[in-house]
Amino acid sequence: MLFPAICVTLLPLALAFPSHTKVKYDGHKVLEILHDTKANFRKLQEMELKFDLDIWKSAKHVNDTMHVRVPPQHLDAFLGNLRDMNVQVSTLIEDVEELLQGSAHSMDHRRAIFSGDSGYDHTAYHGYEYIMKFLEFVQNDAKKSADVSAELFTIGQSYENRNLTGIRIFSTVPGVRKKIFIDGAIHAREWISPAAINYLIDKLVYTAPADIIVLLARYEIYLIPVLNPDGYEFSHTNTRMWRKNRNPRMSASCPGVDLNRNFPHQWNPAIGGSTNPCTDTYSGNNAASEPETQALVTYLKANDFFAYLTVHSYGQFWLFPWGYTSEYPTDRYELETAANAGTNAMNRETRRKWIVGSSTNALYAAAGGSDDFAKGDANIKYSYTLELPDAGRYGFLLPATEIVDVGNELLIGLIAFANHLHLNDVVG
Ligand code: 0X9
Ligand code: ZN
């Protein structure tokens with residue numbers, strides 16, 4: 001049955017698209033900067049506030065690339081500094097606003113094309129309300145299914161009091177199964193994350209190819225598409241490039257905490273985070289200061305999950321802990337081979353190339369991530385961060401036309417990963 005169009009068309013459109021209040025990005029460029037020395041890396045970091053830079057991808061200390069959005073008013077001065085530092089620069093996105101104006105980014109639900117199995121529109125990015133209605137619809141609709149059940153669960157509320165709701169998908173055949181937990185949109189602007197998770201939900205409930213039947217015979221899957229609903233909504237209605245939550249308590253003029261710097265295991269703003277609320281990687285006043293963090297912490301600790309996948313973008317990385325140190329966990333080999341099973345399947349079936357590694361060694365050091373917490377404190381052995389496509393061509397502004405491909409890719413990866421664990425993990 002189709003997810004009814006009515007809940008979409010009745011949306012008060014004026015409220016859904018207050019375009020007059022939206023932040024514009026005319027003339028903003030995204031640059032790729034290759035820095036070679038630790039000194040240059042430090043200089044680049046120091047320029048963040050001075051030039052109002054938005055770091056799309058940070059870098060390891062030496063010989064790595066950074067992706068940075070630069071506002072037009074600071075472009076010349078910033079480029080001047082880069083020239084003095086002798087670093088290499090190229091342009092990834094000429095004009096961010098031009099890209100945003102493209103129809104591929106529109107979330108105008110009036111243009112929704114209903115297709116697919118639940119009727120969920122996988123050709124556009126959707127707001128929190130739409131996603132919640134989708135989850136409710138799936139829960140009710142699954143009651144008709146002989147094979148699969150779906151049950152909503154709520155782990156808490158956001159700062160602005162939105163429900164942190166997910167859906168548990170499991171086989172109707174009774175049995176004790178391992179539990180896999182998947183969350184999305186910890187970072188508001190990473191729209192492909194909830195979009196791909198909703199694609200998973202759709203396929204898990206409405207299609208029954210052999211590999212999904214086998215997956216659900218072995219595992220229950222818990223999925224929360226939007227863990228940071230306040231930030232996610234704000235990125236739709238006001239500031240497309242918003243990353244954090246919306247908590248204004250620490251600073252009314254610079255609201256928001258980076259939830260992926262706020263988790264308790266080895267929390268440390270000095271490692272890839274910040275003590276300044278005006279930066280995008282503000283770690284919060286203390287570990288688990290945020291309601292969204294607290295909700296996940298309590299839920300993951302109270303339940304017995306076998307694997308934890310937190311879905312972000314971008315970069316095509318399947319990362320395992322740790323993010324707070326370059327040391328590897330003692331069971332590195334098991335974590336790495338399971339991740340390789342996922343990425344090998346994805347690389348085989350798609351045109352993209354995924355990279356496996358520990359967060360610190362493959363990407364950069366950043367403490368306070370949910371993956372480190374899941375492994376370090378909640379005792380979930382197989383804990384990962386997935387950085388969905390692309391590799392930087394569009395970055396956070398991946399066209400909605402890619403949702404189906406990326407969703408499929410995630411499904412392929414999840415199935416191969418789960419299969420691998422079933423065959424290889426002693427208790428899997
Ligand atoms: O920096 C992050 O939080 C993640 N990258 S993103 O571009 N989505 O912001 C990577 C997190 C990896 N895990 C840890 N550092 N713990
Ligand atoms: Zn992220």
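None of the values given here were measured: they were computed from a predicted structure. Just so you know, ligand 1 is whichever comes first in the structure, and atom 1 is the first atom listed for that ligand.
- Within the cation-pi definition used here (under 6.0 Å to the ring centroid, within 45° of the axis), Lys60 does not qualify as a partner of Tyr364.
- Neither the backbone nor the side chain of Lys57 comes within contact range of ligand 1; no heavy atom lies under 4.0 Å.
- Annotation: the span from Thr343 atom OG1 to Asn340 atom CG amounts to 4.5 Å, rounded to 0.5 Å.
- Remark: Tyr384 pairs with Trp318, Phe417 by the ring-ring contact (aromatic ring centres under 6.0 Å, His included) rule, at least two apart or across chains.
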Do Thr385 and Asp371 pass the side-chain hydrogen bond (donor to acceptor under 3.5 Å, both in side chains) test, and can you show the C-alpha distance, the side-chain angles, and the key distance before you say yes or no? CA-CA 6 Å; Thr385 294; Asp371 48 359; 2.7 Å; yes
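- The shortest heavy-atom distance from Ser313 to ligand 1 is under 4.0 Å.
- The stretch residues 278-370 participates, sequence neighbours left out, in these disulfide bond (SG atoms under 2.5 Å apart) pairs: Cys254-Cys278.
- Selection from Tyr364, Phe396, Trp322 by nearest heavy atom to atom 1 (O) of ligand 1 gives Tyr364.
- Less than 2.8 Å away from the Zn ion (ligand 2), the protein contributes these N/O/S atoms: His187 ND1, Glu190 OE1, Glu190 OE2, His312 ND1.
- The salt bridge (charged side-chain N to carboxylate O under 4.0 Å, His left out) contacts involving residues 268-279 comprise nothing, where partners must be two or more places apart or lie in separate chains.
- Contacts with ligand 1 closer than 4.0 Å are made by no heavy atom of Thr281, backbone or side chain.
- In Ser359, the part holding a heavy atom less than 4.0 Å from any atom of ligand 1 is the side chain.
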